[in-house]
Student: 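Encoded as structure tokens, here's the structure I'll be asking about.
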Amino acid sequence: MCGVESIAAGENRDLPDFKEEARIIRELVRAGNGPDPFSSAVRATRMPMLITNPRQPDNPIVFANASFARLTGYARAEIIGKNCRFLQGPATDRGEVARLRAAIDLRQPIELELLNYRKDGTTFWNRLLVSPVFSDDGVLTFFFASQFDVTPERERVARLERDRAELEAEVARRTAELQASEQRLRLALEAGRLGTWSLNLETRHLIASDSCKAICGRRPGDSLSLEELQATIHPDDRAMQAAAIERAISEGTMLDAEYRLALPSGEERWVQVRGQANHRADGTPITLVGTTQDITERRRDQGHRALLARELSHRVKNTLTSLQAVVAQTIRRASSLEDAGESIAARIQAMAAANELLVSEDFASASVRDLLERTLAPFGIDDGQRFVLNGPAMSLPPHLVVAFALALHELATNATKYGALSNAGGVVEVTWELIDRATPALLRLNWTERAAPARGRARAQRLRHAADPARARQRGGGPRRDRLSTRGRGVHRGAAAVAGLGPLGGPTLVSAFPSRFVAELPSSRPRAAIRRAAHA
């Protein structure tokens, strides 16, 4: 039956009398209602049923009820006498067919599901129950089979499996997205040096991430309770931190507070805490969740910027004061407005060069040689023919750099007009040295002009007497300080201009000699002063 051949012919020779079985078959196959209630029930049931006879060749179907005919689409005449394999098709599972054949050979009952084909070619899933029927003396007489169309159930199971597969795929996709989101969040927290935390407002239980613990000076395995965290807050900041949390909870606003932590290691660290409270429907606060960020470097940078702003303000004020003094002195000594304008522009340029040098040195100090080279650049120091520089590597403090630049500019300007730089063969030699034997130590600066015009030396003696009060008194009067800048030429006029730089931190008294200017300045005092003049 159903793909299984009939029992061996040898068994058919010793069969008992099957009159009763024949009567049953006749009763089952007769039309209408018979006297046997069993046969009437088999004929009338909605469950497809059939009986096969294994004593006949190929175990043919000898009975099929009307439900079987409706299920398969075949007429009873097309069914009787056939083996039930006629319902099988290309998609029928051959493994299940082999199981069915083995059970029939062994005369054992079996239940399985096969994909069968109707007469019109459509398929249906057939839950088949096959059971052998034996006579009283144990002889196999029939196989009884009930059929049940489980196609809707199988389709429902298939839909469930598809839905499950789709659901699993969706869960996998969402899980991957969640993992990617968590990874991005973790990277963002690490990049921003953020730690996360959650505070249960009912139990006061604090949960902190490893990053949050690290910010608070703890290892990942260390405990960090709310009490331990509050003890870490700087005493001066505890009230502010508590007030910020209370305000965020009561007003439902964002918590945003910056305060200091005193870590167990003794280090002080600035943190910024941000968070928000979660409430029940009735407004009762449940939790407070947020982040903690280490802002120590930002606070340090803010302090540094504030310091730079104060320093910049201080230097701007000093520069304006210096500029005011330069303008006042220039106008006071100038012979005309045009002369004053040229002098002011040149001196501002010298101040700018000095400030540029200070900026390049981060306002720490300036090299004497660098100052000379930058200040004297407009006068041809780069050609290596008109200037000779000689001295050790030394630096000037910032408060002397601008004054020295102005002094050097005055000397070079007057040397160009009246001294060594006013002819083709003149040379200016600038030397400097540190005199350690003096207290405090002195910086000696020598400005010497060689091959200067004779007219400059002719005027020098008058400038020397003007700068020397003793000699001036012998000549019958004191020095004319208000006219010092116009009493000589060359190095002497430059020296007279330098003498007026006292308000800028420069020399306050100058003595000069023909073609030579010598200044000695305390190297550690805040204001420069000419201590004495060297003799030629």
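Sequential numbering from 1 along the given sequence is applied to the chain's residues. Just so it is clear, the structure is predicted and the values come from calculations on it, not from any experiment.
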Student: A side-chain contact here means heavy atoms from C-beta on lying under 4.5 Å apart; do L372 and L408 qualify?
Tutor: yes
Student: Can you name the closest pair of heavy atoms from R386 and A420 and give their distance?
Tutor: NH2-O, 3.1 Å
Student: Are S198 and L288 side-chain neighbours, meaning at least one heavy-atom pair lies under 4.5 Å?
Tutor: no
Student: Rounded to the nearest 0.5 Å, what separates atom CZ in R450 from atom CD in E429?
Tutor: 4.5 Å
Student: Within the distance-only criterion (no hydrogens, no angle test), does the side chain of S250 pair as donor or acceptor with the backbone N or O of E246 below 3.5 angstrom?
Tutor: yes
Student: Please check if the side chain of R238 supplies one atom and the backbone of I233 the other of a donor-acceptor pair under 3.5 Å.
Tutor: yes
Student: Would you tell me whether T151 and D149 have side-chain atoms, one donor and one acceptor, within less than 3.5 Å of each other?
Tutor: yes
Student: Is any side-chain heavy atom of V428 less than 4.5 Å from a side-chain heavy atom of T448?
Tutor: no
Student: Just wondering, do V430 and L445 contact through their side chains at under 4.5 Å, heavy atoms?
Tutor: yes
Student: Between the side chains of T431 and N390, does any donor sit under 3.5 Å from an acceptor?
Tutor: no
Student: Should the pair R300-E268 be classified as a salt bridge under the 4.0 Å nitrogen-to-oxygen rule?
Tutor: no
Student: Quick one: closest heavy-atom pair of L201 and I249, and the distance?
Tutor: CD2-CD1, 3.8 Å
Student: The test is side chain to side chain contact (heavy atoms under 4.5 Å, CB included); show your working for E433 and M394 and say whether it passes.
Tutor: CA-CA 9 Å; E433 60 180 331; M394 295 180 61; over 6 Å; no
Student: Any idea which heavy atoms bring P264 and C216 closest together, and the distance?
Tutor: CD-O, 4.0 Å
Student: Shortest non-hydrogen contact from A91 to L115?
Tutor: CB-CD2, 3.5 Å
Student: How long is the span from the CD atom in Q276 to the NE2 atom in H279, to the nearest 0.5 Å?
Tutor: 9.0 Å
Student: Is R204 salt-bridged to E227, going by a charged N under 4.0 Å from an acidic O?
Tutor: no
Student: Sequence neighbours left out, what pairs pass salt bridge (Lys or Arg N to Asp or Glu O under 4.0 Å) with at least one residue falling in residues 209-219?
Tutor: R219-D222
Student: Could you tell me the separation between the CZ atom of F124 and the CD atom of E113, rounded to the nearest 0.5 Å?
Tutor: 12.0 Å
Student: Does a donor on one side chain and an acceptor on the other come within less than 3.5 Å for S209 and W197?
Tutor: no
Student: Show your reasoning for whether side chain to side chain contact (heavy atoms under 4.5 Å, CB included) applies to E228 and S223.
Tutor: CA-CA 9 Å; E228 290 172 333; S223 65; 3.4 Å; yes
Student: Should we count CD of E202 as having more than 12 external heavy atoms under 6.0 Å?
Tutor: yes
Student: Between E170 and R174, is the closest basic N to carboxylate O distance under 4.0 Å?
Tutor: yes
Student: Rounded to the nearest 0.5 Å, what separation is found between the OG1 atom of T291 and the CD atom of Q293?
Tutor: 7.0 Å
Student: Quick check for you: to the nearest 0.5 Å, what is the distance between N200 atom CG and L206 atom CG?
Tutor: 10.5 Å
Student: Answer yes or no: is there a side-chain heavy-atom contact under 4.5 Å between F387 and V427?
Tutor: no
Student: Flag the pair E155 and R162 as a salt bridge only when some basic side-chain nitrogen lies within less than 4.0 angstrom of an acidic carboxylate oxygen.
Tutor: no
Student: Answer whether the closest heavy-atom distance between the side chains of D256 and Q272 falls below 4.5 Å.
Tutor: yes
Student: Going by side-chain hydrogen bond (donor to acceptor under 3.5 Å, both in side chains), R260 matches just one of T232, T296, D237. Which one?
Tutor: D237
Student: For a quick test of reading the model, state the closest non-hydrogen atom pair linking L224 to A208 and the distance between them.
Tutor: CD2-CB, 4.1 Å
Student: With rounding to the nearest 0.5 Å, note down the distance linking CD in Q179 to OG1 in T175.
Tutor: 6.5 Å
Student: Given side chains that start at C-beta, do those of E258 and M240 come closer than 4.5 Å, heavy atoms only?
Tutor: no
Student: Return yes when atom CZ of F148 has more than 12 non-hydrogen atoms of other residues, nucleotides or ligands closer than 6.0 Å, and no otherwise.
Tutor: no
Student: Less than 4.5 Å apart, side chain to side chain, heavy atoms only: is that true for N278 and P285?
Tutor: no
Student: Provide the closest heavy-atom pair for P392 versus W432 in the form atom of the first, atom of the second, distance.
Tutor: O-NE1, 2.8 Å
